[in-house]
Amino acid sequence: LNSIEPVTNEDEDGTAIGYAIFKAVNLIRATKYYAQRFENLQKPAYNIENQIIIILTDGLQSPNPLDRNDPFRFMRVGQALRYAEVNKVRVYYIGVDPILQQASNSTEMLELKKNIEATGGAFFLANKAESVEAIYNRIDALEKGEIQAPVREKKQSSITNLVLLSWQEELAIISTFSLALFILFETIFVKRVP
C-alpha cells in the first residue's frame, strides 16, 4: 500500500467499487472452479476455506465518466454485492477518508452498509479511535471464528441465472481471464511505450 500513488490525471480518476467487487468475485469463482476441476481429475487440489474481499477506499462509488457506457465498469455497488452474496463471498468495506465519517448516516452509506452485511461481511470506517490495522485485526478475528451469512430470500435475476448455468460459468471464467490478460498487457506494455 505504501507504494500506491494517487492518480494525478483526471481522465484516469474514478472509483468503480461495483466493478472491483464483480471482478474479484469472478476471480474467486475461477479459482474455485479450477480447484474442483483438479479434484475431479484426482490431481492435487487446494481447498478454499474463506472467500472474502476487503475494500479499502477513500470514497464511494464514483466511476470515471468515460466508462459510463461500459455495463461492467459502471456496475452499481448493490448489484455487485448481490453477486458476491449469491457466490458466498463475504465483503468487508473499510473507508479511510474522514469525510466518510460525516456521511455515515446518509442514505447511500446506510444502503451500502446493509448490502455489505448481507454478504456476511462488515462495514468499517477507520478513524483516530480505530486504525486500519486494528480493523484488519478485527476482520482476521472474524474470519478465524464461525461466520454464517444471514439468510434472506433471493430474487432470481439475470446475474443469478448467470451463476446457475454451467456453460455460462465457463464463459465468465474465460472472459475474466481474458480481461486480466488485457489489463496486464495494457499496464505493462502499452503504458511504457512512448
**Q.** pair K88-Q51: side-chain heavy atoms closer than 4.5 Å
**A.** yes
Q. Residues in ring pair (Phe, Tyr, Trp, His ring centres under 6.0 Å) with F124, at least two apart?
A. none
Q: Output all residues satisfying side chain to side chain contact (heavy atoms under 4.5 Å, CB included) with S131, sequence neighbours left out; order by chain, then residue number.
A: E133, A134
Q: Measure across V132 and A126 and return the closest heavy-atom pair with its distance rounded to 0.1 Å.
A: CG2-CB, 3.8 Å
Q.
Using the salt bridge (charged side-chain N to carboxylate O under 4.0 Å, His left out) criterion, which residues pair with E130? Sequence neighbours excluded.
A. R138
Q.
Just to verify, what does I54 make a side chain to side chain contact (heavy atoms under 4.5 Å, CB included) with, not counting sequence neighbours?
A. I52, Y92, I94, Y136, I139
Q | Rounded distance (nearest 0.5 Å) linking atom CZ of R90 with atom CG of N50 | A | 5.0 Å
Q | Point-to-point distance, once rounded to the nearest 0.5 Å, from CE of M109 to CD1 of I116 | A | 10.0 Å
(Q) Distance check, rounded to the nearest 0.5 Å: I21 atom CD1 versus N26 atom CG? (A) 12.0 Å
Q | Residue pair N115 / E85, side-chain heavy-atom distance below 4.5 Å | A | no
Q. Under the 3.5 angstrom rule, does the side chain of T119 hit a backbone N or O of A84 as a donor-acceptor pair?
A. no
Q | Heavy-atom closest contact (G18 atom, A80 atom, distance) | A | O-CB, 3.2 Å
(Q) Can you list everything that forms a side chain to side chain contact (heavy atoms under 4.5 Å, CB included) with K113? Sequence neighbours excluded, please. (A) E117, F123
Q) Rounded to the nearest 0.5 Å, how far apart are CE of M75 and OH of Y19? A) 9.5 Å
Q) Would you say the side chains of R29 and Y83 form a donor-acceptor pair under 3.5 Å? A) yes
(Q) Using the side chain to side chain contact (heavy atoms under 4.5 Å, CB included) definition, which of the options I28, L27, L81 pairs with I53? (A) I28
